[in-house]
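Heavy-atom basis, side chains included; hydrogens, waters and symmetry copies ignored. In this text, all values refer to a predicted model and were calculated from it rather than measured experimentally.
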Number of protein chains: 2
Amino acid sequence: MQDTKERIIELADRLIRTRGFNAFSYKDISDPLEIRNAAIHYYFPSKTDLGIAVINQEIEKLAINKLYWATFPENEQLRLFFDVFYQRSKQGFICLMGSLSPDYETLPAAMQEKVQHMSEDVLEWVTLCLENGRKKQLFHFKGDAYDRALLVVSNMLSSLLLARVMGKEVFEKMSNQLLNDLL
Amino acid sequence: MQDTKERIIELADRLIRTRGFNAFSYKDISDPLEIRNAAIHYYFPSKTDLGIAVINQEIEKLAINKLYWATFPENEQLRLFFDVFYQRSKQGFICLMGSLSPDYETLPAAMQEKVQHMSEDVLEWVTLCLENGRKKQLFHFKGDAYDRALLVVSNMLSSLLLARVMGKEVFEKMSNQLLNDLL
DNA sequence: AAAATTACTTACTTGTAGGTAAGTAAGCAA
DNA sequence: TTGCTTACTTACCTACAAGTAAGTAATTTT
């Protein structure tokens with residue numbers, strides 16, 4: 001079944017978000033899925049390949065969301081973007097950027113490139129959203145839209161990190177404050 | 001020499017900030033210091049003990065800084081706080097919170113508590129700084145000082161993460177934008 | 001019906017991780 | 001001077017990590 005491959009990616013995604021790329025092993029995947037570790041190597045010759053597959057899936061998910069979100073006004077778009085993080089915070093997961101950027105120096109070059117690609121993708125979208133929203137007077141903020149996007153993405157990323165350490169209410173406090181500032 | 005113990009902590013600190021707690025090994029310490037791994041175990045029976053020593057050192061450093069910073073007006077205090085992160089960004093290091101919170105679920109309970117302690121410490125200080133600064137009209141912002149502190153700390157934390165992935169200029173863009181918002 | 005491909009498993013290798021028991025040289029203390 | 005402590009080293013252990021070679025049952029293609 002092609003099903004196995006998807007279940008491996010799905011679980012690897014979870015493990016990267018909860019434990020980090022360097023802190024999970026093939027056993028963490030093979031045990032719950034009741035397969036041998038060689039089955040993982042069959043689909044993903046190296047752990048790097050598995051990591052790349054997880055990042056690619058995330059990039060694709062974002063691309064799909066972008067298309068869907070484009071039908072809404074920018075203030076709603078941002079709320080929908082925040083909601084993705086909200087769902088994660090409820091599960092106690094962090095985002096891929098939040099998980100992979102601390103390990104950045106230990107990642108193989110191929111994964112580093114993908115992480116870069118992913119972050120540029122997100123930044124580009126938030127920048128455009130803020131920029132266009134400001135033109136329509138849906139957002140109010142000073143300074144460059146890209147710089148503002150950096151702050152917004154940064155806050156989403158670390159809200160998930162802080163929520164795990166300091167309690168889940170932290171996420172809502174941060175996102176409410178952020179939206180109040182922009183709207 | 002007591003020197004060895006301090007050099008182990010110093011290097012462990014660097015390794016946690018660059019590679020992450022789960023991604024460095026005793027060899028990464030024993031090789032450069034030209035000692036055997038048992039020498040590390042002599043000072044720190046387990047890796048957990050070493051991790052705790054690194055966090056304790058950071059908590060102490062913050063306590064010392066707090067005392068020194070207290071002699072300045074709040075807007076200067078915040079700039080000095082930001083400067084700590086700026087120095088790190090130049091070295092390509094991230095902060096302890098940024099390194100340890102993604103790995104939080106994999107950390108031994110004793111380290112989790114220390115990480116919590118450390119983050120509460122930082123949050124408390126930034127909250128008071130913002131609160132007092134606003135009273136003196138040195139800062140201008142809406143909403144609860146604690147919620148604002150969450151955003152500020154969050155931005156400092158992830159500016160270091162993003163700077164490594166997207167380039168060092170990211171740190172300055174973010175901190176300038178942040179200061180412009182508050183002052 | 002034969003050959004090839006798919007989706008794995010069995011059984012293994014090599015490397016490295018954290019950790020430990022026992023020893024030792026140097027210094028200090030009684 | 002004997003004994004205790006400090007600051008390590010040598011030599012080792014067990015566990016587990018990623019990865020691989022070879023086999024196999026089931027399906028698909030020719």
Exercise. Under a 4.0 Å heavy-atom cut-off, which of residues 100-113 of chain B touch DNA chain D?
Worked result: none

Problem set entry | Mutual orientation of the aromatic rings belonging to A/Phe139 and A/Phe141 [parallel < 30°, tilted 30-60°, perpendicular > 60°] | tilted

Exercise. Under 4.0 Å between a side-chain N or O of B/Tyr42 and OP1 or OP2 of D/dT6?
Worked result: no

Exercise. Can you tell which of A/Gln112, A/Lys114, A/Glu120, A/Glu113 makes a side-chain contact (heavy atoms from CB on, under 4.5 Å) with A/Gln116?
Worked result: A/Glu120

Exercise. With a cut-off of 6.0 Å (strictly less than), are more than 12 heavy atoms of other residues, nucleotides or ligands near NZ of A/Lys61?
Worked result: yes

Exercise. Over how many whole Å does the gap from B/Leu15 atom CG to C/dA17 atom P extend?
Worked result: 12 Å

Exercise. Passes salt bridge (charged side-chain N to carboxylate O under 4.0 Å, His left out), B/Asp28 versus B/Arg14? Steps please.
Worked result: CA-CA 11 Å; B/Asp28 296 321; B/Arg14 248 170 241 256; over 6 Å; no

Exercise. Whole Å only: how far is the CD1 atom of B/Ile35 from the P atom of D/dT9?
Worked result: 6 Å

For this session: May I ask you to say whether A/Glu76 pairs ionically with A/Arg79, meaning some side-chain N is under 4.0 Å from a carboxylate O?
Result: yes

Problem set entry | Side-chain (A/Ser89) to main-chain (A/Tyr86) donor-acceptor, under 3.5 angstrom | yes

For this session: Return the value, rounded to whole Å, for the distance between atom CZ of B/Phe24 and atom C1' of C/dA17.
Result: 12 Å

For this session: Would you mind telling me which of D/dC8, C/dT9, C/dG18 lies closest to the side-chain atoms of B/Thr4?
Result: D/dC8

Exercise. D/dA7 P sits how many Å from B/Lys5 NZ, rounded?
Worked result: 9 Å

Problem set entry | Options C/dG19, C/dT10, D/dG19, nucleotide nearest the side-chain atoms of A/His41 | D/dG19

Problem set entry | Most 5' of B/Ala39 and A/Phe44 on DNA chain D, judged by nearest nucleotide | B/Ala39

Problem set entry | Length of the line joining A/Ile29:CD1 and D/dA17:C1', which is rounded to integer Å | 13 Å

Problem set entry | Distance in angstrom units between A/Asp28 CG and D/dA18 P, rounded | 8 Å

For this session: Would you indicate whether the side-chain heavy atoms of A/Ile35 and A/Ile8 approach each other to under 4.5 Å?
Result: yes

Problem set entry | Within 45° cone and under 6.0 Å: B/Lys90 NZ/CZ vs B/Phe171 ring | no

Exercise. Is a side-chain donor or acceptor of B/Arg164 paired with a backbone partner of A/Ser101 at a separation under 3.5 angstrom?
Worked result: yes

Between the protein and nucleotides 12-16 of chain C, which nitrogen or oxygen pairs are less than 3.5 angstrom apart?
none

Give me the distances for all protein-to-nucleotides 13-15 of chain D N/O pairs that come in under 3.5 Å?
none

For this session: Whole angstrom is fine here: how far is it from CG in B/Leu33 over to C1' in D/dA7?
Result: 15 Å

Exercise. Is it the case that more than 12 heavy atoms not belonging to A/Glu169 sit under 6.0 Å from its CD atom?
Worked result: yes

Problem set entry | Ring geometry between B/Phe81 and B/Trp69 (parallel below 30°, tilted from 30 to 60°, perpendicular above 60°) | perpendicular

Exercise. Side chains of A/Ser30 and A/Asn37: do they bring a donor and an acceptor to under 3.5 Å?
Worked result: no

Exercise. What is the distance, rounded to the nearest whole Å, between atom OH of B/Tyr26 and atom C1' of D/dC8?
Worked result: 16 Å

Exercise. Nearest to the side chain of B/Arg36, which nucleotide is it out of D/dT10, C/dG18, D/dG19?
Worked result: D/dT10

Exercise. Hey, is the side chain of B/Tyr43 poking within less than 4.0 Å of OP1 or OP2 on D/dC8, counting only N and O atoms?
Worked result: yes

